[in-house]
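Below: the structure, in structure tokens.
Chain naming here is simple, since letters A, B, ... match the order of the sequence lines and numbering starts at 1 in each.
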Amino acid sequence: MNLEQILKQSTAAIFKAEFGADVSLDSVTINITKKEHEGEYTIVVFPLTKISKLSPEQTAELLGNKLQEQSGIVAKFNVIKGFLNLSLTDAYWLGRLSEIANNKAYGTFAANHKKVVLEYCGPNTNKPLHIGHVRNMLLGFSMSEILTAAGYDVTKVNIYNDRGIAICKSMVAYLRYGNNSTPQSTGIKGDHFVGDWYVRWNAEAKKELETISGLKGDFDEDQKQTTLFIEAQDMLLKWEAHDAETVALWKKMNGWVYEGFQQTFKLIGADFQKDYFESETYLLGKDIVDEGLQKNVFKKRDDGAVIVDLTPDGLDEKVLLRSDGTSVYITQDLATAQLRHEDFNMEKMIYVVANEQDYHFKVLKLALQKLGKQWADGIYHLSYALVESPTGRFKSREGKTADADDLISEVLRIAEEKTKELGKIEGFTEEEANALYKTIGLGALKYFVLRVNPYKKIIFNPEESIDFHGHTGPFVQYTHARIKAIMRKVGETPKGFETLSGLGDVERELIIHLTEYENTVRAAAEKYDPSEIANYVYSLAKFYNKFYHECPILNAATSEEKTFRVALSNQTGILIKKAMKLLGIDVPEKMESL
RNA sequence: GACCCGGUAGCUCAGCUGGAUAGAGCAACAGUUUUCUAAACUGUCGGUCACUGGUUCGAAUCCAGUCCGGGUCACCA
């Protein structure tokens with residue numbers, strides 16, 4: 001049982017004994033004591049005065065005395081207005097540290113045998129990954145780590161939007177202007193190669209438009225008049241008719257794209273246990289629409305389109321099948337959801353998708369629920385906001401800065417530059433140095449993205465690049481490397497500090513923070529929010545650095561104190577590593593020669 | 001027009017199941033290295049928590065309205 005529970009129950013028991021009244025545990029609020037006051041935990045007694053019929057001060061005084069007498073862990077207390085500040089005994093805190101140090105699995109919860117399918121990334125195959133995918137991948141990967149730590153059985157899946165008019169445009173441009181070039185022959189990464197043809201198609205279409213008169217000035221509309229568009233549309237029809245040559249070209253070009261994506265996934269640390277392809281699911285969904293019609297939850301409109309009426313739920317009527325009987329976007333999503341349910345029989349199905357699709361996922365979930373699919377209750381849309389430049393939304397035409405690969409190589413370059421500036425790693429082999437640049441560079445990028453709450457947009461200024469000091473990934477990594485340096489000097493972790501007395505404030509603060517880790521993992525899992533972990537690990541590192549500066553570790557006054565401080569350092573290092581792993585961030589053993 | 005999400009220090013963000021004098025980082029300024037890694041630490045400066053009203057012992061936090069920014073409301077994906 002955690003401390004908060006103990007304090008709440010003790011409080012309730014005391015109120016029962018003193019006033020014969022039942023106090024609900026929820027009405028007892030316990031906070032961490034503000035640092036300007038003495039104590040570690042604070043019970044807010046205002047809500048309890050209704051029962052005690054005493055002033056806040058008297059109530060707090062009484063509760064404090066009883067807790068001190070009965071709990072065995074309260075060393076002293078003070079009362080300020082309605083706040084009862086408790087100081088727990090050193091023995092209690094040392095016991096907690098010892099408990100954590102002896103539990104290798106601390107912070108990972110027992111398997112709950114609940115399956116989670118987590119979809120993330122979801123790229124289109126006609127263009128390379130951009131900064132939005134980066135946020136997506138980091139969130140998705142981190143969430144899977146967090147949920148796994150929370151006891152879930154997580155399967156990561158990707159969905160490739162590998163068909164449609166867009167990829168056909170790339171194909172048309174390639175056929176027209178490609179001269180059988182390949183990523184190999186040009187030295188261009190596969191996804192960029194195909195993306196370049198997509199860009200070329202657009203450029204050529206615009207050129208062609210200049211020769212056409214009577215346009216509306218709206219590219220989406222006007223493009224339909226170009227021969228390029230007609231060719232692309234024709235390509236799409238041929239693809240849908242399984243035309244051998246078209247399918248072969250499509251496979252070849254998508255193959256290049258997957259090779260390119262794979263490199264980026266590997267670099268950034270994204271992986272998937274199963275891939276879904278829209279080309280294999282886009283025709284599915286009619287069955288589920290039929291099911292809805294039979295169950296009378298979907299309706300056929302006079303024009304033949306099938307709709308679901310969500311006006312009772314505050315949404316609109318939504319078309320699920322076109323009047324000509326063909327699928328729309330949501331049709332296949334309904335089917336894919338059903339398919340995944342059959343594939344995995346999961347408890348939860350998480351979609352990491354940008355907040356532009358909030359409405360879409362509301363509809364998806366509601367439609368499935370109306371069909372009586374209980375598993376639809378487990379659908380969760382992990383919605384995240386866009387990454388924007390200071391001038392607004394990143395447009396692909398703004399080029400370089402929005403591209404995922406460029407962003408990554410830029411941050412790796414900066415990591416190398418900054419590391420070299422510090423001049424601490426002369427003794428590293430080239431291999432070690434490169435590994436460190438990668439660890440730090442990716443750490444900076446990942447932390448930068450993950451520390452922000454998913455539903456808040458991220459403002460990223462490419463001009464200013466990503467920081468390596470302060471509230472950043474490298475700061476946390478540095479702290480870890482620092483601890484490891486100490487541990488290397490100590491060798492074996494010595495034991496036997498539990499009887500130490502006279503904990504310093506900074507030491508106590510650090511232990512308290514270690515004990516908060518488990519709650520943080522739980523909260524991050526419940527809220528689907530990696531930023532909980534990011535902010536936690538930052539303050540952990542901050543507390544540690546403060547401790548490091550104030551307290552000699554290897555040169556501590558007594559051997560018992562040294563043992564304690566080493567153990568405290570070691571445990572902090574372990575939790576930094578664990579927490580960073582939940583973010584998908586590696587921590588280096590060394591950031592300096594020696 | 002309707003709905004959804006944001007608005008906290010010059011900048012980037014915490015805090016939001018109501019609790020004490022609203023916290024970090026960056027930037028700026030001043031310090032700390034004969035002692036375990038200065039990618040660190042300490043201090044100074046910096047706030048009408050968008051605005052107005054309400055709820056109550058107490059509101060950045062909850063409610064209503066207003067303003068600003070973004071998004072969505074396709075037989076597009």
With rounding to the closest Å, how many angstrom separate the [atom1] atoms on [N] and [M]?
N      : M      : atom1 : result
B:rG46 : B:rA38 : C1'   : 25 Å
B:rU61 : B:rG7  : C1'   : 14 Å
B:rC62 : B:rC16 : C1'   : 10 Å
B:rG47 : B:rA24 : C1'   : 14 Å
B:rU42 : B:rU33 : C1'   : 14 Å
B:rA60 : B:rC13 : P     : 23 Å
B:rC3  : B:rG43 : P     : 48 Å
B:rG19 : B:rG58 : P     : 14 Å

Sugar-phosphate only, base, or nothing, as touched by [X] at under 4.0 Å among non-hydrogen atoms:
X        : value
A:Gln477 : nothing
A:Tyr329 : base
A:Ile458 : sugar-phosphate
A:Phe475 : sugar-phosphate
A:Thr42  : base
A:Asn85  : base
A:Leu422 : base
A:Pro454 : nothing
A:Asp220 : nothing
A:Val452 : sugar-phosphate
A:Lys546 : sugar-phosphate
A:Ala354 : nothing
A:Arg565 : nothing
A:Ser569 : nothing

Pi stacking test for A:His37 and B:rA20: under 5.5 Å apart, planes under 30°: yes
Face-to-face contact A:Phe83 to B:rG19 six-ring, under 5.5 Å, under 30°: no
Can a salt bridge be assigned to the pair [X] and [Y] using a cut-off of 4.0 Å between side-chain N and carboxylate O?
X        : Y        : answer
A:Glu317 : A:Lys299 : no
A:Glu509 : A:Lys35  : no
A:Glu518 : A:Arg522 : no
A:Glu278 : A:Arg163 : yes
A:Glu550 : A:Lys546 : no

Report yes if at least one side-chain N or O of [X] is closer than 4.0 Å to OP1 or OP2 of [N]; otherwise report no.
X        : N      : result
A:Arg482 : B:rA38 : yes
A:His471 : B:rC26 : no
A:Lys484 : B:rC36 : no

[X], nearest nucleotide to its side chain (from [options]):
X        : options                : answer
A:Thr29  : B:rC36, B:rG19, B:rA77 : B:rG19
A:His469 : B:rC26, B:rA24, B:rC36 : B:rC26
A:Glu36  : B:rU37, B:rA20, B:rC26 : B:rA20
A:Lys456 : B:rC57, B:rU8, B:rU37  : B:rU8
A:Lys542 : B:rA24, B:rG19, B:rU37 : B:rA24
A:Tyr478 : B:rU37, B:rC36, B:rA24 : B:rU37

All side-chain contact (heavy atoms from CB on, under 4.5 Å) counterparts of A:Val328, not counting sequence neighbours: A:Arg322, A:Ile330, A:Thr331
Spacing of [X] atom [atom1] relative to [N] atom [atom2], expressed in whole Å:
X        : N      : atom1 : atom2 : value
A:Asp467 : B:rG25 : CG    : P     : 12 Å
A:Ile466 : B:rU12 : CD1   : P     : 15 Å
A:Lys34  : B:rA22 : NZ    : P     : 7 Å
A:Ile30  : B:rU17 : CD1   : P     : 17 Å
A:Asn545 : B:rC41 : CG    : P     : 5 Å
A:Leu54  : B:rC57 : CG    : P     : 18 Å
A:Asn555 : B:rU35 : CG    : P     : 11 Å
A:Arg488 : B:rU37 : CZ    : C1'   : 10 Å

Closest-nucleotide ordering on RNA chain B, the 5'-leading residue of A:Leu321 and A:His549: A:His549
Closest-nucleotide 5' rank along RNA chain B - winner of A:Phe547 and A:Lys527: A:Lys527
Stepwise side-chain hydrogen bond (donor to acceptor under 3.5 Å, both in side chains) check, A:Asp358 with A:Ser383: CA-CA 7 Å; A:Asp358 286 354; A:Ser383 166; 2.8 Å; yes
Residues, nucleotides or ligands: over 12 heavy atoms within 6.0 Å of A:Lys562 NZ: no
Within 6.0 Å of NZ in A:Lys8, more than 12 heavy atoms from elsewhere: yes
A:Arg451 to A:Tyr538 six-membered ring, cation-pi geometry met (6.0 Å, 45°): no
Compute the centroid of each ring, for [X] and then for [Y], and state whether the two points are separated by less than 6.0 Å.
X        : Y        : value
A:Tyr478 : A:Phe475 : no
A:Trp239 : A:Tyr282 : yes
A:His513 : A:Tyr544 : no

Base-paired stems that RNA chain B participates in, counting runs of 3 or more Watson-Crick or G-U pairs under 3.5 Å: B:1-7 with B:67-73, B:10-13 with B:23-26, B:28-32 with B:40-44, B:50-54 with B:62-66
Which protein N or O atoms sit under 3.5 Å from an N or O of nucleotides 68-73 of chain B?
unit_1 : atom_1 : unit_2   : atom_2 : d
B:rC73 : O2'    : A:Asp316 : OD2    : 2.7

Donor + acceptor pair across side chains of A:Asn355, A:His381 (<3.5 Å): no
